[in-house]
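Structure, as structure tokens:
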Amino acid sequence: MRTSWADSVAAAENPASGSSANNGSVRTTSALTRPAYVPPHLRNRPPSSDPPAPANSGSTSGADRSGYGAPLGGSRWGGGPRNDYSRSGYSGGGGGWNNRSGGWDRGREREVNPFGDDDPTEQEFSEQENSGINFDAYEDIPVETSGDNVPPPVNTFAEIDLGEALNQNIRRCKYVKPTPVQRHAIPISLAGRDLMACAQTGSGKTAAFCFPIISGIMKDQFAQRRPRGRVAFPLALILSPTRELSMQIHEEAKKFAYQTGVKVVVAYGGAPINQQLRELERGVDILVATPGRLVDLLERARVSLELIKYLALDEADRMLDMGFEPQIRKIVQQMDMPPPGVRQTMLFSATFPKEIQRLASDFLSTYIFLAVGRVGSSTDLIAQRVEFVHESDKRSHLMDLLHAQKANGVHGKQALTLVFVETKKGADSLEHWLCINGFPATTIHGDRTQQEREHALKSFKSGHTPILVATDVAARGLDIPHVAHVVNFDLPNDIDDYVHRIGRTGRAGKSGLATAFFNENNTSMARALAELMQESNQEVPAWLSRYAARSSYGGGKNRRSGGGRFGGRDFRRDSSYNRGGGGGGSGYGASGGYSGGYGPGMTSAWD
DNA sequence: AAAAAAT
């Protein structure tokens, strides 16, 4: 028996935990056991120094896989059936992990150790808070999948054979076992399937799309990575809506890719382009970018998307909304990117309005829809409060809250407060007001220079200025540990934006508090807000219920119609879609375990 | 109407 780290974790798992339901629409209630405790002195134990065994690592749950057409067990690189390979014309091959002998092998030269643990007497790196995920909070999370031949979820990283180098990085990140979104999304991606995934950020989304991409690139020894002339040819593209989020994804992806030979480069606006160009010239496998800068690079012909095999959109619903859609279409449809079916496309977000799903199906091929119950936002982990505060009273009310926090000793580095406002001017003016009133605050918004934005974020994260006033630039995806309190000083006009904002607290299964100031300007939000709070077992004030009953159905363009207690629902299951046919869901409902498909009126256990 | 995203 092998005794690698991954296997020992597997052995510690409940051996009877495989849930093998895998076809059609599946409701899985995770019954995960508590994570095995690994004493600190054993946590960074090096894995077995044996060369990676080419097969059998799927054996821990092999029995569960019966019935699934393309078994996950068995060799991943020895020429076994790999959809993504056959699709792109590679015939498989007998390489091995870490064998990137394509002749151009500079990936590992002087690679900075992103873990900072080069010292063998290494310390736990305490700043990385993505460790210590509270897995208890992830138990009994509802999961829904739909689509044809959905690969079954896994329960351990050991079952998914990602390779030694990646396993070691997973271990260094102290990811003991996969989060729910990872359990489901990684097998789907490894099977080469397109994916639309609804899962709260902070639930391990980034790893869910990075692991399969890195693993796939490592296996692909024939991939052409060498720049031709000054043009870079990334194999994977990860797009996100803000610069800071792109930076964050880049940082995380670098950890996952450490010593795998897979090179990750980031490109975003507001920063000098020359340095980014130099990085690109040195070779890139995974490009993380914001849309504007990428379009610039494409127009300068410094990047070609010709070899893209993996496309991931983070915060995909934002990427496809009115502001971004034209740029995304240009990048994905009007440049040299391979079409859906040739590349593999993965869309992730915590929210997925129906209209956006319809739009998104243009970019996908026979995809699987995955919804994982919200971990961060819509559970008891975030206590949501709504207070009626007139516009003119907001500042003094905020001051009261901050004073109370201070009096309770809830302030400083371990209890950051994130205050959302509607406008950039409003952000500046509130920050100034807080500062002159003795509260150390800073601000982040689109009118600040990139340097100022980055400095503000750093100063906030470090606790130097424990109050951050922000516009929606900070609403999505940013992983800021120790945000104890999110204040919606101005409520957004869209309930999904509210969901993303409050998701900045209660990260990784920790608890948090969200306070919203509501007044007569927000009546259109009353109904959606009351519903959301009710769904997440929050106490809804009577006055808010009265507003909700009075108001027409508002809450922005997206109301959570049809069973909202759950992050999202596959729009292909709506009767309107089935009647009207249309968008991209080719193959949907054809066999694959949908008993009878979804005709009009067909409902599921979720309704 | 506002925010974000290229210079």
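Since the structure is predicted, the reported quantities are computational estimates derived from the model, not experimental observations. Throughout, a chain's letter reflects where its sequence line sits, starting with A, and its residues are numbered from 1.
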Listed by chain and number, what are the side chain to side chain contact (heavy atoms under 4.5 Å, CB included) partners of [X], not counting sequence neighbours?
X        : value
A/Pro241 : A/Leu245, A/Glu315, A/Arg318, A/Met319, A/Phe324
A/Gln333 : A/Arg329, A/Asp362, A/Phe363
A/Glu452 : A/Arg448, A/Thr449
A/Lys424 : A/His445, A/Asp447, A/Thr471

Worksheet item: Can you give one letter per nucleotide of nucleotides 1-7 of chain B, going 5' to 3': B for a protein heavy atom under 4.0 Å from the base, S for sugar-phosphate only, - for none?
Response: BSSBBBS

Discussion item. List the residues meeting side-chain hydrogen bond (donor to acceptor under 3.5 Å, both in side chains) with A/Arg300, not counting sequence neighbours, and say none if there are none.
Written reply: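 Counting only residues at least two positions away or on another chain, A/Arg300 forms a side-chain hydrogen bond (donor to acceptor under 3.5 Å, both in side chains) with A/Asp296.
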
